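Each ligand, and each atom within it, is numbered from 1 in the order the structure gives. All values reported here derive from a predicted model rather than from experimental measurement. When a residue number appears, it is its place in the shown sequence, counting from 1.
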Amino acid sequence: MKKIIVVQDFVKKYGHFTAVDHVSFEVEKGSIFAFLGPNGAGKSTTIHTLCTILEKTSGTMLIDGKDVDRDKSKVRDVIGVVFQDSTLDSKMTVEENLKMHGHFYNLPKSIMGERIQFVLDLVDLTDWKKEMVSRLSGGMKRRVEIARSLLHFPKVLFLDEPTTGLDPQTRANIWDYLIKLQKEKEMTIFLTTHYMDEAEFCDQVAVMDYGKIIAFDTPSVLKQKYTKDIAQITSEDTEGLETLLQASQMKFTKKGNTYSVELTELSELIAILGEIRSAIQGLEIKKGTLNDVFLELTGRNIRG
Ligand SMILES: Nc1ncnc2c1ncn2[C@@H]1O[C@H](COP(=O)(O)OP(=O)(O)OP(=O)(O)O)[C@@H](O)[C@H]1O
């Protein structure tokens with residue numbers, strides 16, 4: 001697989017403060033990649049530097065083989081960006097906003113109309129083309145921004161917390177569009193988020209904290225490596241259950257007559273449950289989450 005983003009030993013300092021500290025990673029072409037971390041982890045700093053908005057202190061960053069310092073304009077030609085703060089002109093229509101962006105990217109007049117139609121179709125906003133941006137909801141504005149960022153058919157789409165502040169339904173819709181885009185256009189999507197559920201959609205996740213990448217892998221491998229599934233068992237026969245758990249050396253905690261058991265071997269648990277079948281009142285298996293990954297790595301919740 002081709003690496004479309006290559007970052008080596010990236011450092012960004014603001015004065016004496018090191019916001020990003022010797023970070024290296026690579027992103028595969030056509031994948032969805034997320035930087036996951038709490039506020040202040042250094043996610044926006046990294047994405048802004050990749051997008052040529054900030055200057056790095058040291059290190060190397062290549063996008064599609066182009067150096068973000070030496071080939072700024074070539075990098076800008078191959079990327080699309082959607083940042084946290086809206087940059088749409090609310091006194092203009094959706095179409096006018098897109099046209100302005102098209103002119104900025106020197107899109108020929110002959111294809112402008114067709115491109116605008118294409119990107120608005122992608123985000124289901126064709127009927128809103130002539131509407132003033134000021135009349136759109138927050139979620140629709142974000143969709144216009146996504147459409148606008150795609151107008152010049154970028155190879156990499158950068159999204160800095162694309163769904164922050166949006167309601168769950170709109171967030172889900174935006175994700176539908178992004179996944180459709182990635183599949184249909186083979187576009188690479190690089191996003192930052194502090195939403196765990198969003199990171200779950202991604203092919204690869206870099207978990208960031210205090211300016212460093214503390215884990216990097218697919219969501220399922222991260223969960224396999226750093227979390228355990230927990231079986232919550234409620235039993236009338238607490239003594240019997242406890243004796244069996246102790247005998248099998250399974251790790252557990254107890255609250256009332258509910259036991260939280262770390263699942264290592266499912267067959268072992270099934271055997272225990274079989275022995276006290278009639279006393280079991282409830283059973284729930286809780287899968288490890290990306291928040292558990294973060295908790296395991298840092299001792300804190302990602303929101304904390
Ligand atoms: N212009 C700046 N001057 C000084 N410090 C800054 C500046 N911008 C960011 N920082 C600091 O750098 C660190 C990383 O910030 P950054 O915005 O990259 O984090 P983040 O992970 O994107 O967080 P958020 O989700 O809040 O945007 C933070 O401690 C922040 O306060």
Side-chain angles (χ1 to χ4, degrees), residues 5-27 32-61 63 68-69 72 75 79-87 138-139 141-142 145-146 149 156-168 170-171 174-175 178 188-202 204-217 219 222 226 289-304:
I5 300 176
V6 177
V7 173
Q8 280 165 348
D9 227 11
F10 165 53
V11 176
K12 175 67 187 174
K13 293 187 180 188
Y14 295 107
H16 293 297
F17 175 70
T18 304
V20 183
D21 192 6
H22 296 277
V23 155
S24 301
F25 60 92
E26 294 181 340
V27 179
I32 304 187
F33 175 92
F35 254 11
L36 175 70
N39 290 337
K43 307 180 300 294
S44 298
T45 298
T46 306
I47 206 169
H48 281 85
T49 315
L50 278 166
C51 294
T52 76
I53 291 162
L54 287 175
E55 294 279 341
K56 59 186 158 52
T57 305
S58 61
T60 311
M61 285 178 158
I63 299 181
V68 298
D69 276 343
K72 274 197 174 66
V75 167
I79 65 172
V81 297
V82 180
F83 286 151
Q84 286 174 34
D85 300 323
S86 172
T87 53
K141 283 183 191 156
R142 195 57 56 88
E145 288 185 279
I146 292 175
S149 71
V156 185
L157 178 61
F158 286 99
L159 303 139
D160 195 11
E161 301 194 2
T163 63
T164 295
L166 302 179
D167 63 86
T170 311
R171 285 178 58 203
I174 297 231
W175 269 98
L178 292 178
T188 308
I189 299 179
F190 183 119
L191 71 132
T192 69
T193 184
H194 45 227
Y195 291 123
M196 303 294 150
D197 53 339
E198 294 197 338
E200 296 276 359
F201 290 119
C202 299
Q204 293 220 288
V205 176
V207 184
M208 203 171 191
D209 196 27
Y210 293 122
K212 289 184 189 289
I213 290 179
I214 54 173
F216 181 104
D217 222 312
L222 285 174
Y226 297 107
T289 64
L290 284 173
N291 192 49
D292 296 333
V293 172
F294 193 77
L295 189 65
E296 174 67 21
L297 288 165
T298 67
R300 293 178 284 125
N301 281 306
I302 205 153
R303 282 292 191 184

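The nearest protein atom to atom 26 (O) of ligand 1, hydrogens excluded, is given as Asn39 OD1, 3.4 Å; this is a heavy-atom distance. For atom 15 (O) of ligand 1, the closest non-hydrogen atom of the protein is Thr45 OG1, 3.8 Å. Atom 14 (C) of ligand 1 has Gly40 O, 3.4 Å as its closest protein atom, hydrogens excluded (heavy atom only).
Checking side-chain atoms of Thr49 against main-chain N and O of Lys56 turns up no donor-acceptor pair under 3.5 Å. Using a distance-only test at 3.5 Å, with no hydrogens or angles considered, a donor-acceptor pair links the side chain of Thr57 to the main chain of Lys13.
For atom 10 (N) of ligand 1, the nearest non-hydrogen atom from the set Phe17, Tyr14, Phe35 belongs to Tyr14. Heavy-atom proximity to atom 21 (O) of ligand 1, evaluated over Ala19, Gly42, Ser44, is greatest for Gly42.
Ligand 1 has no atom lying under 4.0 Å from any heavy atom of Gly211.
Checking atom 30 (C) of ligand 1 against the protein gives no heavy-atom contact under 4.0 Å.
Taking the six-membered ring where the residue is Trp, Phe33 and Phe190 present tilted rings, their angle falling between 30° and 60°.
In summary, Asp21 and Lys12 do not engage in a salt bridge, as defined by a charged side-chain N under 4.0 Å from a carboxylate O.
The environment of OH in Tyr210 is sparse: at most 12 heavy-atom neighbours from other residues, nucleotides or ligands sit within 6.0 Å.
Here is the list of ligand 1 atoms found below 4.0 Å of a heavy atom in Glu161: 25 (O). Close approach of ligand 1 to Ala41 (heavy-atom distance below 4.0 Å) involves ligand atoms 19 (O), 20 (P), 21 (O). Close approach to Pro38 involves these atoms of ligand 1, each under 4.0 Å from a residue heavy atom: 21 (O).
Residues Asp160 and Ser44 have side chains that bring a donor and an acceptor to within less than 3.5 angstrom of each other.
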Q) Taking it one step at a time, do Arg171 and Glu198 satisfy salt bridge (charged side-chain N to carboxylate O under 4.0 Å, His left out)? A) CA-CA 9 Å; Arg171 285 178 58 203; Glu198 294 197 338; 3.6 Å; yes
